[in-house]
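The next block holds one structure in the form of structure tokens; read it before the comments.
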Amino acid sequence: MVRTRFAPSPTGFLHVGGVRTALFAWLVAKQAKGQFILRIEDTDKTREVAGSEKHIMECLTWLGLSIDEGPDNSLEFGPYRQSQRLDIYKKWAKQLIDMGRAYVDTTTPEDLDKLRELAKAKKQPFLYRNLRPDSPISQPYLEGTPIRFKSEPKPYSWHDEVMGDLSTGPEVIDDFIILKSDGFPTYNFAHVIDDHLMKISHVIRSQEFLPSVPKFLNLYEALEIKRPKLATLPYVMGPDGKKKLSKRDGAKDLLDYQRQGFLPEALVNFLATLGWNDGTEQEIFSLPELIAKFQLNKVQRSGARFDEQRLLWMNGHYIRGLSKKQLSAKAADFWPATAKADQAYKDDVLGLVQDRLKFLAELPELTNFFFEEPKTSAVKSLLNEDQQLKNISQETKQQMLKETVKELSMSSFSLADIKERLNKLLSQLETKPAILFSLVRIAISGAPSSPELFGTLKVLGKQKSLERLNQAILGLV
RNA sequence: GGCCCCAUCGUCUAGUGGCCUAGGACACCAGGUUUUCAUCCUGGAAACGGGGGUUCGAUUCCCCCUGGGGUCACCA
């Protein structure tokens, strides 16, 4: 049975790096029709940020990563918050003590610091196991004192589902704290116990834990439990490509993408192909496709830089693929405050801008002029500075606009009729589309760029279009 | 510093000894689709870090170097 887990600590928002780890774990579980478990690793009360747990679930839900077991739907393997499992860790720690594989450590943190500095001065690696008492205090749990694992140094080689065959020497194995003086377990201990009790089959986590794996291996042996499969994911690197993506260096809250109008499908696709591909030239994958095709051993071993350009392109691609109805629903919350028009009008506007939307929060700047009059000053300066228009005299421009008004006032304002009449004007005025159409486009939009002209006129409507054209004529005096 | 991991266009990547005059995508540049911007289409520029091996033949296997990253907590 395949069971994977995502085990974040509730210390703030999730960014794309963390979410990608969750996605990969989820894909592995779903592919095998197994379970995906959310476990909250809240063993460091000092770092906890209120609301994190809720935020984590919101992120997963938004992306469509269903949680089979977790704090909200606790099943037989719960509780799924480590802070609620303290008794379990104590029990296992006591068992280790009884076996002679853990001991009470009375060294103070201050002394530890001194010992570390000493070792550093001597240019020797600091290994606690060299210092441990000959016959460690084996008395059971002592309130307010940490418990340390008694390691058995040895070389290890093991297989990692992503990284391949890995090995280390005995020098990396050391005694480490399993239970802190506040009674909470450390990550190193708690996750091993929980993964075992929750019957996790694949531990999928990011690279920072790689150097600790031999310690875990040593612990698995001491506990006499079978270790799960291990999969280590490379980092998602920041935009500079130098460091792993982190909040400190400006990584965004995943929900910021939601707020910006990115589609979950796009984010999932982007995240999945950031460090993974199926060996073909396919770029676009739906979630079901990912479930079918994802392979841990096809995950890249090196870090992948987070490239927002590519995300932008992909999101635009998904927006273009939306039906009118879907887009209309998704865009509902993104309209500018000025958009007080009825839904049919808004939908027409959407039809015109769908191709150029990269993310939904762009809607206001792209569609403003459909809802409020363009600024006369903007129209005026654009009419004067436009590449195509700057060498045309004011009189000619005025003349052309007047003819346009005249012609369009006779129009039924169907798309075909607008097109026909403007084309007729073109030959009548002996001018090029580049000139006449630019003129009209700027007059009705007051924007440096706008959607296709005939459609824009039609959506705007006869009355508004003519008003704006007349307004522009006045502005040219 | 010790230990560990990694290394193909600017970026994400294909490539598991000959199919590679190294393929695709994003971004970029040029041209086209009756204006602009976007879309779409066509074309272009753009990479195997260096040095040794192994081999008839290395992007692909091995070693060294270089470079990058991570880790050495009573944080996860």
Side-chain angles (χ1 to χ4, degrees), chain A residues 7-9 11 41-44 46-47 82 105 107-109 112-113 116 120 123-127 145-148 160 163-164 166-169 171-172 174 176-188 190-191 205-214 232 234-235 237 239 241-244 270 273-284 300-314 316-317 320 352-358 366 382 386-389 419 422-423 426 432-442 445 447-454:
Chain A
S9 53
T11 53
E41 310 228 319
D42 55 344
T43 55
D44 186 354
T46 62
R47 295 204 314 153
Q82 290 187 326
D105 175 16
T107 323
T108 64
L112 273 176
D113 283 345
R116 279 198 190 93
K120 202 174 174 184
K123 295 195 172 178
Q124 283 172 347
F126 175 78
L127 285 172
T145 314
I147 309 286
R148 209 174 267 272
D160 185 283
M163 292 297 177
L166 267 19
S167 60
T168 53
E171 69 281 355
V172 302
D174 193 16
F176 59 93
I177 303 243
I178 55 176
L179 230 46
K180 301 184 270 187
S181 54
D182 63 2
F184 281 74
T186 58
Y187 168 83
N188 297 152
H191 91 274
R205 74 209 342 159
S206 94
Q207 226 183 25
E208 70 252 38
F209 298 106
L210 201 49
S212 306
V213 167
T232 302
Y235 292 117
M237 310 295 274
K242 293 284 181 198
K243 289 198 282 189
K244 68 170 170 173
F270 171 75
T273 51
L274 192 62
W276 171 86
N277 75 87
D278 68 345
T280 73
E281 285 176 357
Q282 186 169 348
E283 311 276 348
I284 302 297
Q300 209 71 17
R301 291 182 188 178
S302 53
R305 189 181 303 202
F306 175 70
D307 179 11
E308 210 161 52
Q309 282 298 353
R310 195 179 158 76
L311 172 60
L312 239 27
W313 161 75
M314 199 167 271
H317 176 89
R320 273 171 252 131
L352 289 174
V353 298
Q354 181 165 17
D355 276 357
R356 62 201 65 213
L357 276 173
K358 295 263 190 266
L366 253 38
L382 281 168
D386 184 87
Q387 272 305 102
Q388 305 286 349
L389 305 178
K419 189 174 173 185
L422 286 181
N423 275 330
L426 228 40
K432 300 181 295 183
I435 291 167
L436 181 65
F437 292 177
S438 295
L439 201 54
V440 176
R441 193 190 67 74
I442 290 169
S445 72
S449 71
S450 60
E452 172 266 316
L453 182 60
F454 307 135

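Letters go in sequence order (proteins before strands), and every chain restarts at 1.
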**OP:** State whether the distance check finds a donor on one side and an acceptor on the other, under 3.5 Å, for side chain A:N423 versus base B:U34.
**Re:** yes

**OP:** Between A:M237 and A:L166, just flag the one whose closest nucleotide in RNA chain B comes earlier from the 5' side.
**Re:** A:L166

Subject >> Closest-nucleotide ordering on RNA chain B, the 5'-leading residue of A:A434 and A:D307 >> reply: A:D307

For [X] and [N], is the shortest distance between a side-chain N/O and OP1 or OP2 below 4.0 Å?
{"X": "A:Q300", "N": "B:A14", "result": "yes"}
{"X": "A:R305", "N": "B:U11", "result": "yes"}
{"X": "A:R310", "N": "B:U13", "result": "no"}

**OP:** Work out which heavy atom in A:L352 is nearest to a heavy atom in A:E452; give both atom names and the distance.
**Re:** CD2-OE1, 4.0 Å

Original post:
With sequence neighbours excluded, what pairs up with A:E281 under the salt bridge (Lys or Arg N to Asp or Glu O under 4.0 Å) test?
Top reply: none

Closest approach to the side chain of [X], judged atom by atom: which nucleotide of [options] is it?
{"X": "A:R301", "options": "B:C6, B:G23, B:A38", "result": "B:C6"}
{"X": "A:D355", "options": "B:G70, B:U39, B:U35", "result": "B:U39"}
{"X": "A:E283", "options": "B:A76, B:G24, B:A7", "result": "B:G24"}

**OP:** Would you please name every residue forming a side chain to side chain donor-acceptor pair (under 3.5 Å) with A:S212, sequence neighbours left out?
**Re:** none

**OP:** Walk me through it: do A:F126 and A:K120 pass the test side chain to side chain contact (heavy atoms under 4.5 Å, CB included)?
**Re:** CA-CA 7 Å; A:F126 175 78; A:K120 202 174 174 184; over 6 Å; no

Original post:
Paired with B:A7: which nucleotide, if any, by Watson-Crick or G-U wobble criteria at under 3.5 Å for both distances?
Top reply: B:U66

**OP:** Would you mind classifying the nucleic acid contact of A:L426 as base, sugar-phosphate or nothing, using non-hydrogen atoms under 4.0 angstrom?
**Re:** base

**OP:** Just call it for A:K432: base, sugar-phosphate, or nothing, with non-hydrogen atoms closer than 4.0 Å on any strand.
**Re:** nothing

Polar pairs (N or O, both sides) under 3.5 Å between protein and nucleotides 45-47 of chain B?
none

Original post:
Can you name the residues that form a ring-ring contact (aromatic ring centres under 6.0 Å, His included) with A:F176, not counting sequence neighbours?
Top reply: A:F149

Collect all protein-nucleotide pairs involving nucleotides 71-75 of chain B in which both atoms are nitrogen or oxygen and the distance is under 3.5 Å.
{"unit_1": "B:A73", "atom_1": "OP2", "unit_2": "A:R116", "atom_2": "NE", "d": "2.7"}
{"unit_1": "B:C74", "atom_1": "OP2", "unit_2": "A:R116", "atom_2": "NH2", "d": "3.4"}
{"unit_1": "B:C74", "atom_1": "O2", "unit_2": "A:S181", "atom_2": "N", "d": "2.7"}
{"unit_1": "B:C74", "atom_1": "O2", "unit_2": "A:S181", "atom_2": "OG", "d": "2.7"}
{"unit_1": "B:C74", "atom_1": "N3", "unit_2": "A:S181", "atom_2": "OG", "d": "3.2"}
{"unit_1": "B:C75", "atom_1": "OP2", "unit_2": "A:K180", "atom_2": "NZ", "d": "3.0"}
{"unit_1": "B:C75", "atom_1": "O2'", "unit_2": "A:D44", "atom_2": "OD2", "d": "3.2"}
{"unit_1": "B:C75", "atom_1": "O2'", "unit_2": "A:R47", "atom_2": "NE", "d": "3.2"}
{"unit_1": "B:C75", "atom_1": "O2'", "unit_2": "A:R47", "atom_2": "NH2", "d": "3.3"}

Subject >> Set of residues satisfying side chain to side chain contact (heavy atoms under 4.5 Å, CB included) with respect to A:L127, sequence neighbours excluded >> reply: A:R129, A:N130, A:D174

Original post:
How about A:N188 and A:T186: does a side-chain donor come under 3.5 Å of a side-chain acceptor?
Top reply: no

